[in-house]
Amino acid sequence: MVIRFLAVTVVLVSASGAVRAGEIKSVSALTEVFGDGQKITAAILDYGQEISGVSLTTEVFDVEGRTVTDVFSTPSEDGSPEGTDGRYVVVRLSPDDPGAGTVVKGGRTSSVGNPTVSVRQLKPVRTVAGNTILPDGQWHTSTGRVDLVVRDFRQAVYSDPRYGESLNYNLFVPRDYDPGRSYPLVLFMHDASATSTNVLMTLIQGNGAIVWAEPSWQERHPCFVLAPQYASATVNDNSEASEYLDITIDLIRKLSGEYSIDTDRIYTTGQSGGCMMSIAMNIKYPGFFAASYLVAGQWDASLVVPMADQKLWIVVSEGDVKAFPGMNAITDTLASHGARVARGVWDGRSTPAEFRVLTDRMEQEGANVNYAVFEKGTVVPQGIQDSPASEHIYTWTVAYNITGIREWLFAQTRGMPLNGGPGAGD
């Protein structure tokens, strides 16, 4: 056996193959978006040669400040688990780690942090060719990013001729878009804390926009997703909206002329301020949307009469001291003007299967307004202080994961009687 020392690289030649150290070429951080924001959920290591998956365990790597949950190799540079061998090693990380998030939230504003991950190899790994790669003892910090789903949105700026103002926005175009086919569009509008000049903030603050572009949703319901990024407040507590209400409507009309969008299946949804924008749009432009998903907002109940015949699904938390009484007043007003309202009190900790039962039960009432209230204390995660603010904010971390409500929304068509049934729609 011959041993040669060259800088930090050790090369051993034996009958079993070469033994080397320092073979990690680069590291990328893989991110995913959850109800409470974008998080780094994996480190992707490029070794430049095929790594045998059977040599990998959670004990092979250490990631600074993170919990390793799984390790595998793949030929895909975006970390997809395609096969057991490949040049890329994916080190999966717990999304529940305190340092997992890329968004720094504070008060009524949010900002993007420094989303990097540092990884160190602790034990040898084997290549498909039969060589052994030893740990080099070094921390390798990510220099690249793989932003799942977020990367599939296009960023653009709309200049509105009516007001002379510009609006940054994100647009998801269905995969394999066919101009000869007509597609629904869902508009998502963020809350005040995501107000920013960073056009991506609305995509990464939570999953209100992302869920509609997820591959699993697009397989069943191919659609456009529009997520404007507002750089200033669009609504206030006096039930007043800025000119960006009209500008957003103008943008949808423009996109409908450029793409094959089904104008009978345009939907709106939003959280907090975005919910209030949806309400204001439904009042000013009645009938523009086929249906609305309203999450944790409020508005002057005396102004909502034009919404009495519209198709709405409302979600709010009992512990939200503004949105809960506000939505109570709105639904009472709608009911007094002819709306049929279905009401239910739900446990925000319900499983997907339990939520399916709850949504089916409410949907079977055949109401045009569905009003689901989360019991106080059931939307706030363990370890977070229960307060009116947390009851408000964590409402939408639960709301957009309820598949049954999203399927109800997509089953609705403008100008047609109420449609329903699990799995209805595209």
Side-chain angles (χ1 to χ4, degrees), residues 1-34 38-102 113-152 215:
M1 179 179 295
V2 178
I3 303 178
R4 298 185 178 90
F5 293 91
L6 299 173
V8 296
T9 302
V10 179
V11 179
L12 290 80
V13 180
S14 68
S16 60
V19 181
R20 299 184 176 88
E23 294 289 338
I24 298 176
K25 305 299 182 184
S26 64
V27 177
S28 295
L30 182 141
T31 70
E32 299 174 79
V33 179
F34 298 82
Q38 186 187 62
K39 300 179 182 183
I40 296 176
T41 57
I44 304 175
L45 286 59
D46 181 5
Y47 275 89
Q49 56 187 310
E50 284 197 308
I51 303 299
S52 172
V54 297
S55 68
L56 302 174
T57 70
T58 56
E59 298 178 349
V60 174
F61 297 96
D62 181 24
V63 179
E64 190 173 17
R66 301 299 303 275
T67 304
V68 178
T69 61
D70 191 20
V71 180
F72 59 89
S73 57
T74 175
S76 174
E77 63 182 352
D78 67 358
S80 302
E82 302 171 1
T84 58
D85 299 327
R87 65 180 284 175
Y88 301 97
V89 171
V90 180
V91 182
R92 296 290 302 182
L93 307 170
S94 171
D96 298 325
D97 288 338
T102 68
N114 184 26
T116 61
V117 61
S118 296
V119 61
R120 176 174 60 178
Q121 182 181 327
L122 300 178
K123 295 184 177 182
V125 299
R126 297 279 293 177
T127 70
V128 171
N131 299 323
T132 299
I133 300 177
L134 298 176
D136 64 3
Q138 303 296 314
W139 285 101
H140 297 265
T141 300
S142 60
T143 56
R145 288 269 297 278
V146 178
D147 296 322
L148 295 182
V149 185
V150 169
R151 64 181 179 178
D152 299 326

Distance (rounded to the nearest 0.5 Å) between [X] [atom1] and [Y] [atom2]:
X: Asp46; Y: Ile24; atom1: CG; atom2: CD1; result: 10.0 Å
X: Leu30; Y: Ser80; atom1: CG; atom2: OG; result: 8.5 Å
X: Thr102; Y: Lys39; atom1: OG1; atom2: NZ; result: 10.0 Å

Write down the atom of [X], the atom of [Y], and the distance for their closest heavy-atom approach.
X: Lys25; Y: Gly48; value: CG-N, 3.9 Å
X: Val117; Y: Ala43; value: CG1-CB, 4.0 Å
X: Gln38; Y: Val150; value: NE2-CG2, 4.1 Å
X: Pro115; Y: Ile40; value: C-CD1, 3.5 Å
X: Leu56; Y: Ser73; value: CD1-N, 3.6 Å
X: Pro124; Y: Leu134; value: CG-CD2, 3.9 Å

- [ ] Please assess Phe61 against Leu45 for the test side-chain contact (heavy atoms from CB on, under 4.5 Å), listing each intermediate value before the final yes or no.
- [x] CA-CA 11 Å; Phe61 297 96; Leu45 286 59; 3.5 Å; yes

Evaluate the side-chain proximity of [Y] to [X]: yes if any heavy-atom separation is below 4.5 Å, no if none is.
X: Arg151; Y: Val146; result: yes
X: Leu93; Y: Val63; result: yes
X: Thr143; Y: Thr141; result: no
X: Tyr88; Y: Asp78; result: no
X: Phe72; Y: Val89; result: no
X: Trp139; Y: Arg120; result: yes

Partner residues of [X] under the side chain to side chain donor-acceptor pair (under 3.5 Å) criterion, sequence neighbours left out:
X: Asp97; value: Arg66, Thr67
X: Asp85; value: none
X: Asp70; value: none

TODO: Please say which of Thr84, Thr74, Thr127 ends up in a side chain to side chain contact (heavy atoms under 4.5 Å, CB included) with Ile51.
DONE: Thr127

Open item on the list: Under a plain distance cut-off of 3.5 Å, with no hydrogens placed, do Thr116 and Ser142 share a side-chain donor-acceptor pair?
Closed with: no

Between [X] and [Y], is there a donor-acceptor pair closer than 3.5 Å when you use the side chain of the first and the backbone of the second?
X: Gln121; Y: Lys123; result: yes
X: Ser52; Y: Val128; result: no
X: Thr41; Y: Pro95; result: no

Task: Residues Arg92 and Glu32 bridged, charged N to O under 4.0 Å - done: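 Salt bridge present between Arg92 and Glu32.
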
